[in-house]
K.L.:
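Below are the structure tokens for one structure; questions will follow.
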There are 2 protein chains.
Amino acid sequence: MFLSTATNTLDAKGRLSVPADFRAVVGDGNFDGIVVWPSFDGAYLEGGGIALLQDYQSLLETMDPYDEARIAFERAIFAESRRLSFDGTGRVTLPKDLAEYAGLNGRATFIGLGRRFEIWSPEAYQSHAETARKMARENRHRLRLQGRNSGQVQ
Amino acid sequence: MFLSTATNTLDAKGRLSVPADFRAVVGDGNFDGIVVWPSFDGAYLEGGGIALLQDYQSLLETMDPYDEARIAFERAIFAESRRLSFDGTGRVTLPKDLAEYAGLNGRATFIGLGRRFEIWSPEAYQSHAETARKMARENRHRLRLQGRNSGQVQ
DNA sequence: CTGCCTATCATGGGATATTATGGTATTCAA
DNA sequence: TTGAATACCATAATATCCCATGATAGGCAG
């Protein structure tokens, strides 16, 4: 499970250390690395272990093969995503176009979101986080845990 | 799993480098190369490892032998597909008729789509990808992973 | 509780291997 | 013999590996 936030440096060669606790999550025995793609929702990257993409794949396979949305998803996700393998010290080299897409400039912050994570430019994330907090505050009544002992927030 | 997008040059002899990470996927020990056929859905090529065609074959074998769709698929895929083997440096030579079919002119972009891939003329793909991206964004609510920790894209 | 030791982590630099691509030679068949 | 297809070689750019360093955190002993 990807948790917490960390910002690391993106060096001149495009190398970026993946936080150690993220690395512990992704091993599938076969491929030692992460998969990253540009979010189709904003100027940041999304990523996860290879298992995440396999989940998406099996999800897509339940859709009609000629469903236009399915084809669009295949193109938007598989075509855009890159397999980035760790070097000996747990770094990946982030392709230049992805770094540009997210506006990364020397630094990148990883945001753990459970099953997947996001990579933002620190500044962009800063302002984004503020509006997210605001929205969370405004919607806090919707955050009630289901089931027994609903220890809802506030 | 075929991932990401790469555009390589198609030289005067019809030689085309297959992206290295695509090559890593297709090995079946026996035949070292890819299988390519013209898509019956547009002016581009589809392809995959030999294993993909075997999957299609077993899928078709579950259909009625006289099912018109089965016959059509057999004609459209098996009859039209070519086995292209790698040379020493990982290129295939793309038959001229296939290059023409896809409107390839000096450059060709490989698009990884999980179990298979496509080969497009870069310009043609450009505009096509934009609409796919737009559609994916509009339908993103349908892409929700089931089960605990649903790491949906949003 | 405090200071030291050690393991792990993030990061930098240089050496090495791969990749994509162009060109040349060789084979094979017409 | 000639053309086309195939195999072979060369090279520049790039990605990968490998080692070294400083920082940090945790464990252990006094």
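Each chain gets a letter, A, B and so on, in the order the sequences are listed, and its residues count up from 1.
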K.L.:
Round to a whole Å and report the spacing from CZ of A:F86 to C1' of C:dC9.
P.N.:
14 Å
K.L.:
Show the nearest heavy-atom pair for residues B:G49 and B:V26, with the distance to one decimal.
P.N.:
CA-CG1, 3.8 Å
K.L.:
Please determine whether residues B:F40 and B:V35 belong to a single hydrophobic cluster, defined as Ile, Leu, Val, Met, Phe, Trp and Tyr linked transitively by side-chain heavy-atom distances below 4.5 Å.
P.N.:
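Yes: a chain of side-chain contacts under 4.5 Å links B:F40 to B:V35.
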K.L.:
Looking only at side-chain atoms of A:D11, point me to the closest of C:dA10, C:dG23, C:dG12.
P.N.:
C:dG12
K.L.:
Starting at CG of B:L16 and ending at P of C:dT19, how long is that distance when rounded to a whole Å?
P.N.:
16 Å
K.L.:
So B:V92, base contact, sugar-phosphate only, or nothing? Heavy-atom distance under 4.0 Å.
P.N.:
nothing
K.L.:
Could you check whether A:R82 gets within reach of a base, just the sugar-phosphate, or nothing at all, counting any heavy atom under 4.0 Å?
P.N.:
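The residue A:R82 makes no contact with any strand.
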K.L.:
In whole angstrom, give the distance that lies between atom CG of A:L84 and atom C1' of D:dA15.
P.N.:
12 Å
K.L.:
Given C:dG22, C:dA20, C:dT11, which nucleotide is nearest the side-chain atoms of B:P19?
P.N.:
C:dA20
K.L.:
For B:T93, which contact category applies under a 4.0 Å heavy-atom criterion: base, sugar-phosphate, or nothing?
P.N.:
sugar-phosphate
K.L.:
Is the distance from OP1 or OP2 of C:dT21 to the nearest side-chain N or O of B:R107 less than 4.0 Å?
P.N.:
yes
K.L.:
Would you kindly give the CG-to-P distance between A:D97 and D:dT14, to the nearest whole Å?
P.N.:
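From A:D97 CG to D:dT14 P: 13 Å.
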K.L.:
Round to the nearest Å and state the distance from B:D87 atom CG to C:dT27 atom P.
P.N.:
17 Å
K.L.:
For A:D21 and C:dA10, what is the distance between atoms CG and C1' respectively, to the nearest whole Å?
P.N.:
13 Å
K.L.:
Can you identify which nucleotide, out of C:dT21, C:dT19, C:dG22, has its nearest atom closest to the B:R23 side chain?
P.N.:
C:dT19
K.L.:
Looking at A:W37, A:W120, A:F117, A:Y101, which hits ring pair (Phe, Tyr, Trp, His ring centres under 6.0 Å) with A:Y44?
P.N.:
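So, applying the ring pair (Phe, Tyr, Trp, His ring centres under 6.0 Å) to A:Y44 and each of A:W37, A:W120, A:F117, A:Y101, only A:W120 qualifies.
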K.L.:
Choose from C:dG12, C:dA20, C:dA10 the nucleotide whose nearest atom is closest to any side-chain atom of A:S17.
P.N.:
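Of all the options, the side chain of A:S17 is nearest to C:dA10.
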K.L.:
Whole Å only: how far is the CZ atom of A:R15 from the P atom of C:dG13?
P.N.:
9 Å
K.L.:
Would you mind telling me which residue lines up with the more 5' stretch of DNA chain C, A:A20 or A:K13, judged by nearest nucleotide?
P.N.:
A:A20
K.L.:
Which distance, rounded to the nearest 0.5 Å, do you find between the CZ of B:R82 and the CG of B:D97?
P.N.:
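It is 4.0 Å, given to the nearest 0.5 Å.
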K.L.:
Please determine whether residues B:L113 and B:L3 belong to a single hydrophobic cluster, defined as Ile, Leu, Val, Met, Phe, Trp and Tyr linked transitively by side-chain heavy-atom distances below 4.5 Å.
P.N.:
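B:L113 and B:L3: separate clusters.
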K.L.:
When we call it a touch if two heavy atoms are under 4.0 Å apart, what does B:N8 touch: a base, just sugar-phosphate, or nothing?
P.N.:
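If one applies the 4.0 Å heavy-atom cut-off, B:N8 turns out to touch the sugar-phosphate alone, with no base involved.
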K.L.:
How many Å lie between CZ on B:R91 and C1' on D:dT6, as a whole number?
P.N.:
11 Å
K.L.:
Checking all strands, does B:T9 fall into the base, sugar-phosphate, or nothing category for heavy-atom contacts under 4.0 angstrom?
P.N.:
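If one applies the 4.0 Å heavy-atom cut-off, B:T9 turns out to touch the sugar-phosphate alone, with no base involved.
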